[in-house]
Amino acid sequence: MKFVLSKNKINLGTLSFDDVMYHFIGNNDTQIFLANAVRAGIEIFYEDFFDGTYTMKSETIDSSDPRFSLGLVDFLRRNNFSVQEIRPEIESEFHEIISQLPSDSPLRQSAESQWKSFSYLEKTQLLDLIQRDTLFS
Amino acid sequence: MNSAFQNNDLAQSILTALTFLDDKNAVAKLRAKFSAHEQKKFDLTSVAELKKMFGEHYIEDVRSQKKSAPHFVDDETGSPVSHEFAHRADWNSKNDLEPLERLELLFNIAQRVQTADRYKSIFVESCSAVDAQINLRLRCQEYFAEITRAYFLASEELHMRDFIIIDHMRRSTFGLPEEN
């Protein structure tokens, strides 16, 4: 899993995970914030369903816990970071569509440049709109 | 059809889509456009499908609005209250939904929670009931709560299909038109 991290609409970098490690490439302060948080242990919240009731519980986990990656993502969201997933198939779908236009087309250049600044919501909207327009026109 | 013609068509579609998103009312327009195409997907076949996914008893409980188990926040946690509030608006708890609307909402969420591009959250991904139907029910409840929370706090993180589900529900709750 790979995510774009931002705060107050400022892009801070990308966060990715392998088995027991997180990798962050980007802003220095965020790097330090993450390192301190992981060192202290990540507090996670989850719902426990037992005996007919749901109870929200909390627990502190370290990077060896299988819930670590999403726990860290959840922790960042609680700390007012925007955490948007990067989905390779969406990126490829866009590049496949756009590559059908000549490389010197101003529209292609403009679309490629706007794409980089789009949120996950906008990216999925754009692809849906293009697909819909192509299907229904 | 020659490729130049296809490219022109595609260019027009891309341009239309970009102009659309550039408009400050893009989301509102999109919502209207999307609703018109997507709205009529839920029917009796979908109800049968829901019964297969969740078990007949649960679907009958949802239809007849028999309340599910209550949610509590552990005294020592307290923090993510927005998630807990969101449970109050789901198919089990939202009093003003008609029986079929409750089932449709559950149906839409069940579709989304099983896709690869679903919203990733520890609340959903950590559901681990042994019974597959109960597990799906728990995942759907948590998924709904999480995308509702995200809708209000960080909608840019959502896939547009999740955004549309919650936005449509919010508009019907408050009697807001779909167009603005």
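Atom set for the values below is all heavy atoms of this structure, side chains included, hydrogens, waters and symmetry mates excluded.
- For A:Arg108, no part lies near chain B; criterion is any non-hydrogen pair under 4.5 Å.
- Proximity to chain B involves both the backbone and the side chain of A:Arg67, based on heavy atoms less than 4.5 angstrom apart.
- With rounding to the nearest 0.5 angstrom, the CD atom of A:Glu85 is 12.0 Å from the CG atom of B:Leu158.
- Residue A:His95 places its NE2 atom among more than 12 non-hydrogen atoms of other residues, nucleotides or ligands, all under 6.0 Å distant.
- Within residues 111-120 of chain B, the residues approaching chain A closer than 4.5 Å by heavy atoms are, in numerical order, B:Ala116, B:Asp117, B:Arg118, B:Tyr119, B:Lys120.
- When the shell of 6.0 Å around CD of A:Glu89 is examined, it contains more than 12 heavy atoms from other residues, nucleotides or ligands.
- When the side chains of ILVMFWY residues are joined at heavy-atom separations under 4.5 Å, either directly or via intervening members, B:Leu153 and A:Leu12 end up in two distinct hydrophobic clusters.
- Between A:Glu47 atom CD and B:Glu142 atom CD the span is 4.0 Å, to the nearest 0.5 Å.
- If you take CD1 on B:Ile122 and CD1 on A:Ile61, they are separated by 5.5 Å, rounding to the nearest 0.5 Å.
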Before you tell me yes or no, could you show the steps for A:Met56 and B:Phe123 under side-chain contact (heavy atoms from CB on, under 4.5 Å), namely the whole-Å CA-CA distance, both residues' side-chain angles and the distance that decides it to 0.1 Å? CA-CA 10 Å; A:Met56 186 178 281; B:Phe123 283 96; 3.6 Å; yes
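- Looking at A:Ile97, the atoms closer than 4.5 Å to chain B (heavy atoms on both sides) sit in the backbone and in the side chain alike.
- Using a distance-only test at 3.5 Å, with no hydrogens or angles considered, a donor-acceptor pair links the side chain of B:Glu157 to the main chain of A:Val83.
- Neither the backbone nor the side chain of A:Phe94 comes within less than 4.5 Å of any heavy atom in chain B.
- A single hydrophobic cluster is seen to contain both A:Ile130 and A:Phe118, as judged by linkage of ILVMFWY side chains at heavy-atom distances under 4.5 Å, directly or through other members.
- Taking 4.5 Å as the limit, some side-chain heavy atom of A:Asp128 sits within range of a side-chain heavy atom of B:Arg161.
- Of the listed residues (B:Ala150, B:Ser155, B:Ser128, B:Ala154), the one with the most heavy-atom contacts under 4.5 Å to chain A is B:Ser155.
- Taken together through direct or relayed side-chain contacts under 4.5 Å among Ile, Leu, Val, Met, Phe, Trp and Tyr, A:Val4 and A:Met1 form parts of separate hydrophobic clusters.
- B:Met53 and B:Ile165 fall within the same hydrophobic cluster, where Ile, Leu, Val, Met, Phe, Trp and Tyr residues are linked whenever their side-chain heavy atoms come under 4.5 Å apart, directly or through other members.
- Expressed to the nearest 0.5 Å, how far CG of A:Leu121 lies from CE of B:Met160 amounts to 8.0 Å.
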Report the C-alpha distance between A:Lys9 and B:Glu156 in whole Å, list the side-chain angles of each, state the deciding distance to 0.1 Å, and finish with yes or no for side-chain contact (heavy atoms from CB on, under 4.5 Å). CA-CA 10 Å; A:Lys9 298 193 189 303; B:Glu156 73 281 358; 5.7 Å; no
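- Among residues two or more places apart in sequence or in another chain, the ring-ring contact (aromatic ring centres under 6.0 Å, His included) test is passed with A:Phe75 by A:Phe33.
- Residue A:Ile25 places its CD1 atom among 12 or fewer non-hydrogen atoms of other residues, nucleotides or ligands, all under 6.0 Å distant.
- With a 6.0 Å radius and a threshold of 12 heavy atoms from other residues, nucleotides or ligands, A:Asp18 has its CG atom above the threshold.
- Clustering ILVMFWY residues whenever any of their side-chain heavy atoms sit less than 4.5 angstrom apart, transitively, puts A:Ile86 in a cluster other than the one holding A:Phe17.
- In this structure, CG on A:Leu70 lies 8.5 Å from OG on B:Ser126, to the nearest 0.5 angstrom.
- In this structure a side-chain-to-backbone donor-acceptor pair under 3.5 Å is missing from A:Thr124 to B:His159.
- Per-residue heavy-atom pair counts under 4.5 Å with chain B were compared for A:Leu107, A:Leu127, A:Asp74, and the maximum is reached by A:Leu107.
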